[in-house]
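Below you'll find the structure, written out as structure tokens, and then a few comments.
Chain letters run A, B, ... following the sequence lines, proteins first, then strands; residues in each count from 1.
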Amino acid sequence: MNSGREVSDGRLTVEGFSVAARAFADKWKIHNQSFPPWSWVPLINRTLHLSNQEEGYLSLEEILILSSLEESPEDESLNVATDCLEKEESVDHTILVQNQENEAHYYDFHIVYSSSYKVPVLYFRGYCSGGQPLSLDVIKKDLPSCSVSLLHESKWTFITQEEHPYLNRPWFKLHPCGTEDWIKLLSQSSISTGCQMPVDLYLVSWFSVVGQVVGLRIPLEMLN
Amino acid sequence: MSEKETSPTILQFAPLNSSVDEGFWHSFSSLKLDKLGIDDSPIPITGFYGPCSHPQVSNHLTLLSESLPLDEQSSVASTSHGNRNKCPVPGILYNTNTLESFDKLDKQSLLKAEANKIWDDIQSGKALEDPAVLSRFLVISFADLKKWSFRYWFAFPALVLDPPASLVELKPASEYFSSEEAESVSAACNEWRNSDLTTDVPFFLVSVSSDSKASIRHLKDWEACQGDHHKLLFGFYDPCHLPNNPGWPLRNYLALIRARWSLETVWFFCYRESRGFADLNLSLVGQASVTLASGESAETVPNSVGWELNKGKRVPRSISLANSMDPTRLAVSAVDLNLKLMRWRALPSLDLNVLSSVKCLLLGAGTLGCQVARTLMGWGIRNITFVDYGKVAMSNPVRQSLYTFEDCVGGEFKAVAAVKSLKQIFPAMESSGVVMAIPMPGHPISSQEEDSVLADCKRLSELIESHDAVFLLTDTRESRWLPSLLCANANKIAINAALGFDSYMVMRHGAGPTSLSDDMQNLDMNKTNKQRLGCYFCNDVVAPQDSMTDRTLDQQCTVTRPGLAPIAGALAVELLVGVLQHPLGINAKGDNSSSSNGGNNDDSPLGILPHQIRSSVSQFSQITLLGQASNSCTACSETVISEYRERGNSFLLEAINHPTYLEDLTGLTELKKAANSFNLDWEDDDTDDEDVAVHM
């Protein structure tokens, strides 16, 4: 395994991932200011590592998408009386009565390193303002149409629901088994110095493909 | 006190909204299950909020998994102070153990108790030291940890001003400040927000000097700010985005200001952001007019309001997290994912729906039955019925993979123990067991037993009718006869597996004789029979070269090399899956491993679909065989099936009681007599209808 500055087989070491992640986050901050920046979440090492490598993942949270009212979150049919506060005092005029607004959907994205596939993996989830998780059907409605068609046509992209490796809850993820192959294709076609890709650019190149599936585009300047 | 009809209007506050992250419920469930048990004393929790960050959407007061008292298990570093979007706010959680006690909670007094705490903090000065306590909140909940659903209700206690405050004016901050002042205010706010020490302090003073220099100060510095300013505003992080209303935190803020400093006119600053920076267009500056009621002592606690509305109604909220927390559902989606991955990566044309809906009947729950069941589960097949009349014996668990030592000691019936075992492996299995013996031909019964034996026949017939695929996994030849006949009659897929000491045979029966269309039945019977693959009993006549092999398998053989049952059982399942995936299903023709011209390769994504597989582990060899159906078959021939259909029970009784009845009926007796009178030179005999192709 190449622990140096280049990636030639489409895969990353865990150290390479840390380096690539910081480079990616920095470039994003500079070139992609329409979005909040990615933050690095370090993991508490439970085992003793000889190297002082910090393991962690990249996190981009609370991306807001306003959707129309038709998809109101499923509230359990509450078999309760229409007014549970009989002893409450009469209506307080200082409280503004609000109309039902557009439903806000929030999305969290994590870029996590997979040690079994040796590539990064994009995990994501959606939820409404009250905190209820969104199903994949609802999420697909929020995606731009080009993303949806990409999902259907491409053989490289496949959304699955699996347990988040650190948060112990089901998140959606783009399955990584094709990643190694198409990264190799990318590095062959773009870099002039043979088939190698500098580690710094790994996540940027990777995200230029993967981000499109979830509707996150990156500006071309980031690829330089 | 008369209300003026003209302005100023009553100050209306936008309610605060709650948001509970899924992680909070996960952490709370663990806490309840691991530590608290039935203890329902109130739990101190921390809520988080920040200023509004989007012009169209208000921010919420959020509960996260770190809202609960510290949990050592987390592998992710918990949020420390200094997170700009997570100002910590103290709260309290009352969780009840039943829905009834949830409904019976005295909401008024709970709200009052929290409001009292706020009032006390105002009176004592604590609110000046740590202003976040002004936004103290309360949650009541009922967590149903069997259904993974949570009912909850937030209250944001607000001290009611009597008479209510009125609004003199309200406008965007950019219109209130001069451009120089605005620039300075923005800069000061950004600095306040960027410092770890102050970013999570949600209430502050904005002091603007006469030369347009703004500074942000802590509330406790109020006295020090006097006289020093041109403008002094009471600033706070406002989660609300609305242009004409301030957010909820202003309510208790005004109560504080009135109580501590007795001001009648209050200039307030609703601080809101966008893209992480102060946004003075979105932020508001307003002037409120507060009446200092005379005769009111400091000890009189004002009334309080604050229960959160749910879509305008005064009812609690609820959320179901069964999909992400119920372990059975998680197991189901994990298993489904595995199968989908197989389809996506290797077999795009795999039909998973047919597998999840097929109903399998396993006759025999011994070494073969256990292996078949386990392999069926691996393919995502959920519906399995066992038929076996035996009990788990001491020698069984080592070879019969569904049983354990406890089953022997308890003297469990195999059919019952197998069902239990499947459920323990995968809770979503739909499995049942039938303790019943299979009636066998040539084993005469007394007249008293007739009724119960016929009842068993009927039961078996009903079981076969109600399933899609039948596995013949018993340990005698005779016990396979009735199931073979019934499967041929009902045209059900039958997979047969049999073990010798060091050999095994796995085969699929052909379609039943009446499965052919009427048109075809008008044709020469000889020809049409050639279309059907044979069953286990067709071999009796059809493959004379293999009679030695057959006899070995036919003997009641309880001693076999242990490796065989897993292999044969697994092959039996792979054969079934091949049939299910084939467009012609039970009518698929048989392939051999040597067939090169297409065969079933083109039709089935899984490869060839043989008729019979035979193997000898002493040679580590395996061959595929092909046998057509026989006209004289005692189980599946036209003769026998029509006789069964015409005479039903009397036919069955004759077959059971008279050892030679079936062979007489089918003409086998005749045939054997004729065969014995010839020299054994089968090649020349072309009156044979029972042509068979045997490929090695």
Hey, are A:T94 and B:R251 close enough side-chain-wise for a donor-acceptor pair under 3.5 Å?
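Yes.
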Taking B:S333, B:P348, B:S324 one by one, which has the highest count of heavy-atom pairs under 4.5 Å against chain A?
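That would be B:S324.
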Out of B:A14, B:S18, B:S19, return the one with the most heavy atom pairs under 4.5 angstrom to chain A.
B:S19
Would you say that [X] contacts [Y] through its side chain, given a criterion of any heavy-atom pair below 4.5 Å between the two side chains?
{"X": "A:Y127", "Y": "B:V20", "result": "no"}
{"X": "B:E22", "Y": "A:R125", "result": "yes"}
{"X": "A:L66", "Y": "B:Q56", "result": "yes"}
{"X": "A:P133", "Y": "B:I319", "result": "yes"}
{"X": "B:R275", "Y": "A:F35", "result": "no"}

Under a 4.5 Å heavy-atom cut-off, does chain A meet the side chain of [X], its backbone, both or neither?
{"X": "B:W25", "result": "neither"}
{"X": "B:Y152", "result": "side chain"}
{"X": "B:L11", "result": "backbone"}
{"X": "B:L321", "result": "side chain"}

Nearest-0.5 Å distance that lies between atom [atom1] in [X] and atom [atom2] in [Y]:
{"X": "B:R317", "Y": "A:Q132", "atom1": "CZ", "atom2": "CD", "answer": "8.0 Å"}
{"X": "B:L330", "Y": "A:E162", "atom1": "CG", "atom2": "CD", "answer": "12.0 Å"}
{"X": "A:T160", "Y": "B:N338", "atom1": "OG1", "atom2": "CG", "answer": "11.0 Å"}
{"X": "A:L96", "Y": "B:N245", "atom1": "CG", "atom2": "CG", "answer": "4.5 Å"}

If I compare all heavy atoms of A:R169 with all of B:G23, which pair ends up nearest, and what's the gap?
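Reported closest heavy-atom pair: CZ-CA, 3.4 Å.
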One pair to check against side-chain contact (heavy atoms from CB on, under 4.5 Å): A:Y106 and B:D21. What are the steps and the verdict?
CA-CA 11 Å; A:Y106 294 88; B:D21 185 78; over 6 Å; no
Can you tell which part of A:I95 gets under 4.5 Å to a heavy atom of chain B, answering side chain, backbone, both or neither?
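Both the backbone and the side chain of A:I95 come within 4.5 Å of chain B.
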